[in-house]
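What follows is a set of notes on a single structure, which appears directly below.
Throughout, a chain's letter reflects where its sequence line sits, starting with A, and its residues are numbered from 1.
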Amino acid sequence: MTSEPQDRLVLPADLGRLAEARLWVTAHAERLGFAGRDLTEIELALTEALSNAVRHGLQQDAEQEVILEAVPTATGLQIVLRDRGPAFDPTTTPEPDLAEPRPAATGSTSSAP
Amino acid sequence: VFTGAIPVGRMRAMELQEEQVDAGGVAVTVVAVDGFVDAGTVGELRDTLERLVREGRQRFVIDLTRVPFMDSSGLATLVQTFKRVRIGEGGRASRRAAGRGAARLPARAARPRLRPVPDAKAAVASFTGDG
């Protein structure tokens with residue numbers, strides 16, 4: 001007999017815990033009927049969001065926490081990710097220079113400053 | 001620790017195996033990746049590929065047959081390696097990606113440059129006559 005996944009998962013800001021979060025969201029998504037590519041995309045979305053929070057929001061400070069919550073909705077699954085990293089204020093970010101986009105890690109270009 | 005329905009064994013760390021093989025007189029380095037590749041595990045893959053490029057290896061097969069999941073950090077590492085090899089070879093592309101993991105790369109991936117093939121053996125064979 002398998003246990004139901006917890007609605008809330010609290011993890012330290014440690015990239016080594018990404019897999020744990022992925023398994024958690026997979027369990028929730030599978031219970032709601034997600035499978036195949038949809039499931040992969042949910043795992044990917046959570047991994048990318050959590051990686052960003054850990055690396056850029058919390059600077060990989062394992063004393064800090066990230067809180068994940070799974071909320072089933074009428075149309076699917078809502079995942080809420082919360083942390084106490086500095087808030088991002090888009091109004092204080094310089095406009096991107098589209099004339100000289102910076103190279104991105106994937107080899108394409110990005111318009112981010 | 002999450003103790004839900006998924007066996008904790010599925011959280012195993014990534015493992016790498018590297019091997020140099022001969023493809024009709026052409027040396028090919030096969031790097032087999034086993035396990036998920038994300039920001040928490042990609043460092044070892046990146047370090048290994050960087051070392052092999054520094055050693056002068058020019059033809060790679062990155063075997064992703066046993067990679068159930070790869071995020072953008074893994075993809076970026078593959079693309080960076082590809083670019084370094086290509087620059088080193090004066091513009092010749094010389095890497096193959098094998099396996100299901102390659103086919104599941106995000107749509108933004110440089111698919112025209114990465115040629116998914118059925119398995120590592122076929123990928124190595126594709127280098128025959130590439131010398």
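No path of Ile, Leu, Val, Met, Phe, Trp and Tyr side chains, each step under 4.5 Å between heavy atoms, connects A/Leu32 with A/Val71, placing them in separate hydrophobic clusters. Connection of A/Ile67 to A/Trp24 is not established within any shared hydrophobic cluster, with ILVMFWY side chains joined at heavy-atom distances below 4.5 Å, either directly or through further cluster members.
Around the CZ atom of B/Arg51, the shell of radius 6.0 Å holds more than 12 heavy atoms that belong to other residues, nucleotides or ligands. Crowding of A/Glu63 atom CD: a count of heavy atoms from other residues, nucleotides or ligands under 6.0 Å not exceeding 12. For B/Gln20, the CD atom is densely surrounded, since the number of other residues' heavy atoms within 6.0 Å is greater than 12.
When the options A/Leu15, A/Leu18, A/Leu44 are evaluated for a side-chain contact (heavy atoms from CB on, under 4.5 Å) with B/Asp38, the one that passes is A/Leu18.
Of all residues in residues 45-52 of chain A, those placing a non-hydrogen atom less than 4.5 angstrom from a non-hydrogen atom of chain B are A/Thr47, A/Glu48, A/Ser51.
For chain B, no part of A/Arg31 is nearby; none of its heavy atoms comes within less than 4.5 Å.
Taking CZ of B/Phe69 as the reference point, atom CZ of A/Arg22 lies at 4.5 Å (rounded to 0.5 Å).
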